[in-house]
Each structure stands twice: as structure tokens, then as C-alpha cells.
Amino acid sequence: MRIASWNINSVRARLDLVDRFLKDYQPDILCLQEIKVMTELFPRDFFTERGYDHMAIHGQKNHHGVATVSRVPLASEDITNWCDKGDARHVRIGVDVASDRIFLDNFYVPAGGDVADREVNDKFGHKLDFMDEMIEWSSKLKESTILVGDLNVAPLPSDVWSHKSLLKVVSHTPVETDKMQDMLSAHDWLDVMRHITPAPERLFSWWSYRARDWRASDRGRRLDHVWASPQLKNSVKDCRVIEDARGWEKPSDHAPVIADFDF
DNA sequence: ATGGTCGCTAAGCGA
């Protein structure tokens, strides 16, 4: 089973790219973040026409929003209201594979604003609180689960183009990277991307729109993640970032991540 | 040290 995660930065603005991605990489399940559309206006027909007729959509007006589209049936669908804010940052589905039911959590963690200080930046506080809730949730999790999405934290020195330059930049500050480590420990999550591509090999999934030449400067960060419950460790077959998609016409600033499982 | 770019929805926000 191939599962993909992609922060699409508006699904409606990038249907051509989604079309190309589905054709070229044939994921069984695609988890999208930052769909930037209300649930009711999600382009359902586009996905149905391409065989992805099972959908769990959690959208809102303007910003954020996540959607999981699938060509295999969904056994369940759940939404959690993180930080009691009512914003659309998560959707969970269940899928029956072999004799087991696995769950797939699609997350869009708050970016956290510009200043890494919750006293002066509420958005940073929200991000830390959101991660704290994910730690608590992880510690109670019993089911076989795959967690994907834009977690907006690049945890390792080799997850950013310059560890030293980014230590005070939101996404790579010690308070965030420590908290992400606590999240991983809370469920003994397997960092699937690093399981396949161990540190210190360079591994990025996001490059800013503001670079003159994103590929030449290569100031990337690994903000997107695929994690798996420890009992799924032996099911992981492959995991890679499709960097090429960052260079497609009118791209998202995130590249998709693909993970292959053999359940 | 600073500003650099997107998409939403109609001036500024969130990223």
C-alpha cells in the first residue's frame, strides 16, 4: 500500500499538479494539507473521476484544512478538535488491511509565526500547545497507526540546510525539536523517513517561495513527516520525497512524501 | 541586515 502526504497550498489552485502526481506515482491514499477550502467546496468530483472515491475532508474557509482521499474503502473517519480552537488541522481514517485495522492520521500542525517566544507571539504558543496535545494523545495510543502530515518542525540538524543558522528560526528551535522528540518517544513512533534515509543524509521536503532559485540555493527543511507505530516497523518498505514536484509549474512550496507499506 | 513569494479574498493574514 502506497500512502502519500502533500501540503498542497490550496488544492483548487493545483489540481493539475495533483492530477500529474496521481498519474505518475499512483498512491493508494493521498493525505493533503492546506487545502484552503471549505469542506463543502472540496473538489470531490475530480478525485472520484480518478478512482479516489473515498474521502475524509476537514476544511474551513480561507486557511488550513486537510483531506485524505483514497481508492481503498475507509472503515472509519474521525476529527479531533485540537487546542479547542475549531480549526481544521486533522483528520483520522481507519483502513482494513489483511486481518488488521490500521489508522491513518493526517495532521497540519500550526506553523507558529515568526518569533519563537510565546510571550510575544500567540501563534508560537498555539504550536507548542498543539504539540503538547499530540504528546498526550500519542502516549495513550494503542492502535496500529500511521501519522503523516506537515508537522512544521525539522527535528534533526540534517533536516535543515544549516543547523546553526536556523537554531533561532521557528521550525528548528530547541524547544520545538525537543518537543518533537518527546512526541516520538510518547508512542515509540518510528520516523519512517529517517528509517529509510538515516541522518546525517540531507533530507528536505520544503523550500521557501522566496528564494531566487530554490534548487540552486537548496535552503530546504524537512517539515513533512511519516511516522508509524512500532508494531508496523517491519511493514515499511520504502519512503522518499518527490523533490521533482517542487519544480513543477506553479508548485506548492512543499514536495510530496511517499511511503510504501507491505501489510 | 533586509527582503525576498505565494493563495485566499478583497487589505491584510497566514505561511
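In the text below, chain A, chain B and the rest are named by the order of the sequence lines, each starting its count at 1.
- One C1' atom belongs to B:dA10, the other to B:dG14, and the distance between them is 15 Å to the nearest Å.
- Among the protein residues, A:Arg219 comes within range of no part of the nucleic acid, since none of its heavy atoms lies under 4.0 Å from any strand.
- The stretch residues 44-58 of chain A participates, sequence neighbours left out, in these side-chain hydrogen bond (donor to acceptor under 3.5 Å, both in side chains) pairs: A:Asp19-A:Arg50.
- In this structure, A:Trp214 atom CH2 and B:dC6 atom C1' are separated by 16 Å, rounded to whole Å.
- Here the P atom of nucleotide B:dA15 and the CZ atom of A:Phe130 are 12 Å apart, to the nearest Å.
- Counting to the nearest Å, the P atom of B:dC13 and the NE2 atom of A:His126 are 18 Å from each other.
- Remark: P of B:dG3 and CG of A:Asp114 are 13 Å apart, rounded to the nearest angstrom.
- Of the two residues contacting DNA chain B, namely A:Asn62 and A:Asn152, the nearest-nucleotide position lying further toward the 5' end is that of A:Asn62.
- Remark on DNA chain B: of its neighbouring residues A:Ala211 and A:Ala13, the 5'-side contact belongs to A:Ala211, judged by nearest-heavy-atom nucleotide.
- The phosphate of B:dC8 (OP1 or OP2) has a side-chain N or O of A:Ser10 nearer than 4.0 angstrom.
- If you check B:dA15, B:dC8, B:dG7 against the side chain of A:Glu34, the one that comes closest is B:dA15.
- Rounded to whole angstrom, the span from the NZ atom of A:Lys123 across to the C1' atom of B:dC13 amounts to 7 Å.
- The existence of a salt bridge linking A:Arg2 and A:Asp28 is excluded, since no basic side-chain nitrogen approaches an acidic carboxylate oxygen closer than 4.0 Å.
- Put simply, NZ on A:Lys36 is 7 Å from C1' on B:dG14, counting in whole angstrom units.
- Side-chain nitrogen and oxygen atoms of A:His64 include at least one within less than 4.0 Å of the OP1 or OP2 phosphate oxygen of B:dA15.
- Comparing the P positions of B:dT2 and B:dA15 gives a spacing of 23 Å, expressed to the nearest Å.
- When the P atom of B:dG7 is taken as reference, atom CG of A:Leu41 falls 18 Å away, rounded to whole Å.
- Closest to the A:His63 side chain, of the nucleotides B:dA15, B:dC13, B:dC6, is B:dC13.
- Nucleotides B:dG12 and B:dA1 are separated by 29 Å at their P atoms, to the nearest Å.
- In this structure, A:Arg89 reaches the sugar-phosphate backbone alone: every heavy-atom distance under 4.0 Å involves primed, P, OP1 or OP2 atoms, never a base.
- Of the side-chain N and O atoms in A:Arg212, none sit less than 4.0 angstrom from OP1 or OP2 of B:dG3.
- The closest side-chain heavy-atom distance from A:Phe21 to A:Ile258 is below 4.5 Å.
- Counting only residues at least two apart or in different chains, salt bridge (Lys or Arg N to Asp or Glu O under 4.0 Å) contacts with residues 218-241 of chain A comprise A:Asp159-A:Arg222, A:Asp191-A:Arg222, A:Arg202-A:Asp218.
- Around atom CG of A:Asp114, no more than 12 heavy atoms belonging to other residues, nucleotides or ligands sit under 6.0 Å away.
- Between A:Arg210 atom CZ and B:dA15 atom P the separation is 12 Å, expressed in whole Å.
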